[in-house]
Amino acid sequence: MTARSGPFPVAAARVQFPALFRPDPFVYFDNAAGSQAPRGVIDAVTAHLTERNVQRGGRYPASIAVDETIALGREKVALLVNATDPDEIAFGMNATSFIRIVSLAIGQTLRPERSEIIVTDMDHDANVATWSALAPMGATITVWPMRADGRLHVEDLLPLLSERTRLVACTAVSHALGSIVDIAAVARAAHAVGAEMFLDCVHLTPHLPIDVQAWDCDYLVCSGYKAFSPHMGFLWGKRDKLVALPTFREDFIPDAPPYKIEAGTFIYENVAGMAAAVAYLEALADMLPGPAAPAAPRARLVRAMEAVRGYEQQLSRAMLGVLQRHGATVYGIADPEMIALRVPTLSFNLPGIAPAAVTRHMAAAGIGIRDGHMYAPRLMARLGLAMDSGMVRASLLHYNSMAEVERFDAALAALVGR
């Protein structure tokens with residue numbers, strides 16, 4: 001946030017998260033693997049399990065309450081992504097499962113004259129291998145390459161597009177490098193040749209405002225547990241696209257979204273938690289300094305997420321300074337002047353020190369970070385890193401503090417001897 005609006009209320013945000021308050025304080029910098037849950041989310045899950053842990057569709061009060069919980073969940077997630085219709089939201093296990101559902105459906109619609117699917121070498125493998133698996137169904141897979149700066153440039157996508165392109169699948173923000181993608185530009189380019197755009201929004205959701213109407217993507221998936229909810233996922237799609245998808249369903253399930261996409265029973269209590277996670281982000285607007293929060297729920301949400309983005313740029317800058325001071329090789333955007341093009345997810349290696357040794361040292365110092373291939377084999381190959389070692393990733397969210405960055409700095413200094 002700017003000086004005019006005042007500092008971000010990180011202390012007020014942190015107090016909402018019980019996991020951050022332990023007798024032995026632990027610095028949690030592994031948020032890209034899954035965020036912590038605020039008290040309201042925990043309470044919503046508990047209330048569901050104690051008061052309405054029944055199947056939906058019945059005529060008695062607890063079952064009716066489950067239907068209401070699901071309806072509220074759709075409304076809240078529609079608010080989160082700025083959808084025009086809550087019925088464009090489908091619930092399930094995670095983003096990966098939804099990518100597979102949509103990819104299998106699109107595989108059934110491929111025609112020889114429009115069978116090309118464009119993926120990237122920066123994405124999580126869930127958004128690459130899933131589409132590549134359509135090759136036996138006639139798909140031709142083309143790779144949109146990341147540049148050496150750790151970013152996807154739309155100028156590099158344009159020559160790959162043609163009247164044969166069926167779909168472009170890419171991430172919104174790299175889960176490994178933290179690089180932000182120009183989503184609206186990708187969608188415009190895809191639509192200009194009659195193709196669709198599929199967006200992996202998992203890593204963007206806790207960092208930036210989502211706006212499917214402004215972006216004009218066609219499908220979007222998210223794993224809510226990386227955005228303050230319990231373990232669950234959701235799919236958004238333009239209604240006409242969802243109607244056209246040939247999905248599996250039992251005969252008694254309506255052939256209409258979202259029901260045609262939600263095969264089987266999903267985890268209702270986690271949908272209650274997801275609704276509470278969105279409510280937490282709305283309430284964050286009231287914690288901010290400056291003018292009173294707007295009354296409109298979407299405006300409140302956008303205000304909160306814009307403040308999150310501003311504060312997280314400060315975290316990114318501080319973390320880059322620490323890593324560069326200790327001689328780390330930072331993958332992706334390392335220029336402080338380009339900080340607005342990344343989120344505080346930083347992957348790096350230290351000269352002469354194995355990634356696993358770094359994370360073990362940090363764990364002993366009470367700091368949780370991650371090492372490995374980050375489920376991105378093509379990215380590892382592009383960076384010249386071995387799959388069995390990979391890199392180190394520290395990933396922060398708005399509830400992380402500058403004091404925690406200082407602890408990270410001290411622990412890293414002890415490791416490298418500086």
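These figures come from a predicted structure and were not determined experimentally.
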Salt-bridge present ([X], [Y]; N to O < 4.0 Å):
| X | Y | result |
| --- | --- | --- |
| Arg378 | Asp125 | yes |
| Glu88 | Lys238 | no |
| Arg300 | Asp286 | yes |
| Asp156 | Arg147 | yes |
| Glu262 | Arg74 | yes |
| Glu404 | Arg14 | yes |

Do [X] and [Y] meet the criterion of a side-chain donor-acceptor pair at a distance under 3.5 Å?
| X | Y | value |
| --- | --- | --- |
| Tyr331 | Asn349 | yes |
| Thr84 | Gln213 | no |
| Asp409 | His326 | yes |
| Thr265 | Arg56 | no |
| Glu116 | Thr140 | no |
| Tyr268 | Gln55 | yes |
| Glu196 | Tyr219 | yes |
| Thr46 | Asp43 | no |
| Asp87 | Tyr259 | no |
| Thr359 | Asp371 | yes |

Find the distance between OH (Tyr311) and OG (Ser316) and round it off to the nearest 0.5 Å. 10.5 Å
Parallel, tilted or perpendicular: which describes the rings of [X] and [Y], with under 30° parallel and over 60° perpendicular?
| X | Y | value |
| --- | --- | --- |
| Tyr375 | His373 | perpendicular |
| Tyr280 | His398 | parallel |
| His175 | His124 | tilted |

A side-chain contact here means heavy atoms from C-beta on lying under 4.5 Å apart; do [X] and [Y] qualify?
| X | Y | answer |
| --- | --- | --- |
| Arg188 | Asp216 | no |
| Val154 | Val186 | yes |
| Met387 | Pro377 | yes |

Passes side chain to side chain donor-acceptor pair (under 3.5 Å), His203 versus Thr345? Steps please. CA-CA 9 Å; His203 199 63; Thr345 298; 2.7 Å; yes
Whether [X] side chain and [Y] backbone form a donor-acceptor pair below 3.5 Å:
| X | Y | result |
| --- | --- | --- |
| Asn400 | Tyr28 | yes |
| Trp144 | His153 | yes |
| Ser179 | Leu341 | no |

Under 6.0 Å between ring centres: does that hold for Phe234 and Phe266? no
Leu281: which of Leu301, Leu79, Val302 passes side chain to side chain contact (heavy atoms under 4.5 Å, CB included): Leu301
